[in-house]
Amino acid sequence: MLYSAAVAFPEERPRRLRSTPRLRSLVRETRLGPESLIYPLFVVPGRGVRKPISSLPGCFHLSADEAAREAREVEDLGIAGVILFGLPEHKDPRGSEAWAEDGVVQQAVRAIRSECRDLLVCTDVCLCEYTSHGHCGVVESGAVLNDPTLELLARMAVSHAAAGAHMVAPSDMMDGRIGAVRKALDARSFSEIAILSYAAKYASAFYGPFREAADSAPQFGDRTGYQMDPANVREALREVRLDVEEGADIVMVKPALPYLDVIRAVRQAVDRPVAAYNVSGEYAMVKAAAERGWVDERRIVKETLTSIRRAGADVILTYHAKDFARWT
Ligand code: PBG
């Protein structure tokens, strides 16, 4: 049927369906609105703090009270939710502020939950912002240890749930952490709290601006011993399968744009919702080029987010969320 004997032109004229805005909209295959987006927030200690983040123009370091205000604005824009990253008062080798009851993220979760009606509050679960060495796990003799890290991540996730998070998002890439987090949540009667797993997270240069914003760059070495090799896609499917088996409710691919093929492969492989993280480096490049007048920011953002959606992402985490919501 696709390959009929008839020569296509002049019978076939695809341009017919491109002639007016209504026609184009009628046959559009991919739609994206703010209800599919999650906006990252960086929370810091203190009160009344709203400090621009130089590596992420348009984003701020926010104290809990300011984060609540920001979250209210995000909710009013129709955006699905926020994901919180914390910059603690003090770092130590085990990252113990990560699970403190009055930690920055825990305070911000409570403030946002009391300010917003139904905005989804997600939290990033990873130690790198809290550890003095900047790695995502426990370090001993220069090695990032897998199994001893699991208990700390589980504690962190439980403390976020206790503060009122709807969804926790482990981003550390330790083996077995989804199962450990699920088990710990269930044991504390948080069985309704969802897990958004950073399932296929690559060791990417695109995290640069985030590490400046979150003060989370590793103090020695890099993350290639736990994050994935950018060259691999079969391995992504394995990571995703394991996380689903361990109890992930949503699986994420990160970064997004350089990994659209991975998003597509994951979409085809699992029956869970798929998320993609349009990361800091992807955002910063657009901002930098737009500032110089080299690209049309609105069109670039729309095209970019649509492409991530078209590849198969149901959910997109992006720093563009507020702008996108205002523009559409
Ligand atoms: C924590 C974490 C990182 C990001 C999200 N969670 C940084 C990293 O792995 O080094 C990156 C997000 C971004 O670049 O926007 N592990």
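Start at 1 and go down the list; that is how both ligands and their atoms are numbered. The first residue of the sequence shown is numbered 1, and numbering continues consecutively from there. Excluded from the calculations below are hydrogen atoms, water molecules and symmetry mates; all remaining heavy atoms, backbone and side chain alike, are included. Keep in mind that what you see is a predicted model, and the values were worked out from it rather than measured.
Note on ligand 1: Gln227 sits in its first shell, one or more heavy atoms being nearer than 4.0 Å.
Within ligand 1, counting atoms from 1 as listed, the ones closer than 4.0 Å to a heavy atom of Lys201 are 1 (C), 2 (C), 3 (C), 6 (N), 8 (C), 9 (O), 16 (N). Set against the non-hydrogen atoms of Tyr277, the atoms of ligand 1 under 4.0 Å away are 12 (C), 15 (O). Contact atoms of ligand 1 toward Ser171: 1 (C), 2 (C), 6 (N), 16 (N) (distance under 4.0 Å to a heavy atom of the residue). Taking every heavy atom of Lys254 and a limit of under 4.0 angstrom, the matching atoms of ligand 1 come to 2 (C), 3 (C), 4 (C), 5 (C), 6 (N), 11 (C), 12 (C). Atoms of ligand 1 found under 4.0 Å from any heavy atom of Cys128, numbered from 1 in the order shown, are 1 (C), 16 (N). When each atom of ligand 1 is checked for a heavy atom of Tyr319 under 4.0 Å away, the hits are 12 (C), 13 (C), 15 (O). Near Phe85, meaning under 4.0 Å from any of its heavy atoms, are these atoms of ligand 1: 5 (C), 6 (N).
Using a 4.5 Å cut-off on side-chain heavy atoms (C-beta onward), Tyr283 and Cys59 make contact. Residues Ile195 and Leu185 are in side-chain contact: their nearest non-hydrogen atoms beyond the backbone lie under 4.5 Å apart. When side chains are defined from C-beta on, Glu70 counts as touching Tyr39, because their heavy atoms get closer than 4.5 Å. Contact check for Lys302 versus Leu32: no side-chain heavy atoms found under the 4.5 Å cut-off. For the pair Tyr277/Lys201, no side-chain contact is recorded, criterion being any heavy-atom separation below 4.5 Å from C-beta on.
Taking the six-membered ring where the residue is Trp, Phe210 and Phe85 present perpendicular rings, their angle passing 60° and hence far from 30°.
Atom CZ of Arg50 sits in a crowded spot, with more than 12 heavy atoms from other residues, nucleotides or ligands closer than 6.0 Å. More than 12 heavy atoms of other residues, nucleotides or ligands lie within 6.0 Å of CZ in Arg241, so this atom counts as buried by the packing criterion.
Contacts with ligand 1 closer than 4.0 Å are made by no heavy atom of Asp172, backbone or side chain.
Checked against a 3.5 angstrom limit, the closest N/O atoms of Ser280 and ligand 1 fall inside it.
Summary of contacts: the protein heavy atom closest to atom 10 (O) of ligand 1 is Arg211 NE, 2.6 Å.
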